[in-house]
Amino acid sequence: MFDRQKKGDRALLVLPHSRGEGDAVRRGEEFAELVKSAGAEILGAIPARVEVPNPRFYIGTGKADEVAEMARAVEADVVLVDHLLTPVQERNLEKHLGVRVVDRAGLILDIFAQRARSHEGKLEVELAQLKHIATRLVRGWTHLDAQRGGAIGNRGPGETQLETDRRLLGERVKQLTKRLEKVQTQRGQQRRARLRNTVPRVALVGYTNAGKSTLFNALTTGGVYAANQLFATLDPTVRKVDDLSCGPAVIADTVGFIRDLPHDLVAAFRGTLAEARDADLLLHVCDAADEDRERLRQVVDGVLEEIDAGDLPQLQVMNKIDLAGAEPRIVRDGEGRPTQVWLSAATGAGLDLLREALGELLGGERLQSELSLPLSAGRLHARLKAAGAIVGERVDEDGWHLDIDAPRSVIAPLSGGLDADAALLRNLLERTAQPVE
């Protein structure tokens, strides 16, 4: 092979595309933004049309020669390919070009490694990196081949460096997995505590750089870092919002999504993305000034499906109307329910409309009523209390008189039985079917 340089800040980009691919220019611009987010200097970009992937290089052999020539001419340290490469293709390209080669997944993992701040985030990124590297180990040298036993039956090549690397990497993966499971258990306990408090949960989701963190800061006093770059924030932040007509709610800012997100990264970030999966409502933030916003919305919906959050109710937030030249407004469906809010998180225009829409949607999901229980319904009383659904109660000879305030999603599972307790709750749900004003 060759001696890899350690600096790796001067990058040559390879942009594969197919015939008739309409968004090739947009994809190239997005990849360049990713490279800048990683802190690399872009020396040039080479488009490469790929109709049938070359099993050796992914790109054609002639294009590989062109990339090698240009990499030498501009003295590039690394070649970044805007596609997912197989380990064999990445290794062959490195050998052919004589410089380090990183595919799209490796670049995104590198950015995540730079931006992760919390303990959980760092563990998730390292685990995803190790799983990515595991398939790319090569036999670099054989200096351990001389490890031999002195007795008959023990002679042989010994443990090769590749075997040592694989063993150490596997041990580290096991260690990280255990530590991450512990951290995710703790985070799960925090989420269950919020569930017991019955406060509605809202999660911000959207394509990276759509303005989620700016909107989060505008709605709360979160102070989350926000910048015009991809993956400006990775770690989830949860804050309380008090100025809604439905009462208090908690809102979570999550990591931004992007096309071709590495599967290892999605799997590793399941704990972080659980904030979205456990939400009562998703605020899907879109860039209203982006002409390609519909395709980006589909990318986000695809990732939500992958983390089992595709069926959750959504309110679409069309952000950056100051750049799109649009006016603040609420779009409603045929039943009058808000489906879209057009606003600018940067200027504050339309934020009052978003609060109005949130109050309507979350208020309709809450059950606020009185409930009388006979003294024989002690078990149901205990279950409602454990769920945090009781905000006030009085007791007399007729039984408990309870003031209920909880999301309907908390009450509904308790009403599924055939006993008298479940019938009481079903009657309550039917009686309060209209949204609370």
Side-chain angles (χ1 to χ4, degrees), residues 4-17 21 23-48 59 67 70-71 73-85 90 93-94 97 99-117 121-122 125 128-129 132 206-215 217 224-235 253-262 265 269 285-287 289-293 295-296 299-300 303 319-320 323 345-346:
R4 295 187 178 192
Q5 300 183 36
K6 295 183 179 180
K7 44 186 180 179
D9 292 329
R10 296 165 52 83
L12 176 63
L13 311 188
V14 178
L15 308 176
H17 64 90
E21 189 173 354
D23 62 343
V25 175
R26 167 61 190 261
R27 289 170 64 99
E29 292 173 350
E30 181 183 273
F31 190 63
E33 287 298 320
L34 279 174
V35 176
K36 293 176 183 177
S37 297
E41 175 189 357
I42 299 177
L43 303 177
I46 299 179
I59 58 177
V67 173
M70 187 169 180
V74 299
E75 298 182 351
D77 304 318
V78 60
V79 171
L80 302 174
V81 183
D82 185 20
H83 201 275
L84 304 181
L85 301 177
E90 187 174 309
L93 270 177
E94 282 198 343
L97 304 180
V99 296
R100 187 158 52 95
V101 174
V102 178
D103 67 353
R104 182 181 179 86
L107 177 63
I108 294 176
L109 288 170
D110 182 80
I111 296 172
F112 272 52
Q114 294 180 40
R115 302 282 168 77
R117 292 293 179 267
K122 292 177 181 178
V125 171
Q129 283 183 315
H132 182 73
Y207 207 78
T208 183
N209 205 28
K212 296 185 306 303
S213 296
T214 303
L215 179 61
N217 289 335
V224 172
Y225 175 69
N228 184 26
Q229 61 184 18
L230 304 185
F231 301 121
T233 54
L234 293 182
D235 300 313
D253 184 24
T254 63
V255 62
F257 301 156
I258 196 170
R259 65 176 179 86
D260 297 333
L261 196 64
L265 198 56
F269 269 74
V285 184
C286 301
D287 185 349
D290 193 333
E291 296 179 354
D292 203 23
R293 59 178 180 263
R295 185 185 64 83
L296 304 186
V299 171
V300 175
V303 178
N319 190 23
K320 304 185 182 182
L323 302 179

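Side-chain contact check for V102 versus V81: every heavy-atom pair is 4.5 Å or farther apart. Under the 4.5 Å side-chain criterion, counting only non-hydrogen atoms from C-beta, M70 is in contact with I46. For the pair H83/D103, no side-chain contact is recorded, criterion being any heavy-atom separation below 4.5 Å from C-beta on. Side chains of V35 and L13 form a contact here, defined as non-hydrogen atoms less than 4.5 Å apart. Side-chain contact between V79 and V67 is present, with heavy atoms from C-beta onward closer than 4.5 Å.
The structure places CD of E75 at 12.5 Å from CG of L12, a figure rounded to the nearest 0.5 Å. Note that CD1 of I108 is 10.5 Å distant from OG of S37, once rounded to the nearest 0.5 Å. Summarising the geometry, atom CZ belonging to R295 is positioned 8.5 Å from atom CG belonging to D290; distances are rounded to the nearest 0.5 Å. Taken from OG1 in T214 to CG in N319, the straight-line distance is 7.0 Å, to the nearest 0.5 Å. Rounding to the nearest 0.5 angstrom, the gap separating the NZ atom in K212 from the CG atom in N217 is 12.0 Å. Here CD of E90 is found 6.0 Å from CD of E94. Values are rounded to the nearest 0.5 Å.
Considering every non-hydrogen atom in both S213 and D253, the closest pair reads OG-OD2, 2.8 Å. Closest approach of L15 and A45 over heavy atoms only: CD1-CB, 4.0 Å.
Of the possible polar contacts, none joining the D82 side chain to the V14 backbone as a donor-acceptor pair under 3.5 Å is found.
Residues satisfying the side-chain contact (heavy atoms from CB on, under 4.5 Å) criterion with A289, sequence neighbours excluded, are D287, L323, A324. Scored by the salt bridge (Lys or Arg N to Asp or Glu O under 4.0 Å) test, E41 finds R10 as partners (sequence neighbours excluded).
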Task: Steps toward side chain to side chain contact (heavy atoms under 4.5 Å, CB included) verdict (L93, L85) - done: CA-CA 10 Å; L93 270 177; L85 301 177; 4.0 Å; yes
Task: CA sep, side-chain torsions, deciding dist, call: V99, V78, side chain to side chain contact (heavy atoms under 4.5 Å, CB included) - done: CA-CA 6 Å; V99 296; V78 60; over 6 Å; no
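Comment: E30 engages R104 in a salt bridge, judged by a side-chain N to carboxylate O separation of less than 4.0 angstrom.
Checked against L34 for a side chain to side chain contact (heavy atoms under 4.5 Å, CB included), the options L80, D110, L107 give a single hit: L107.
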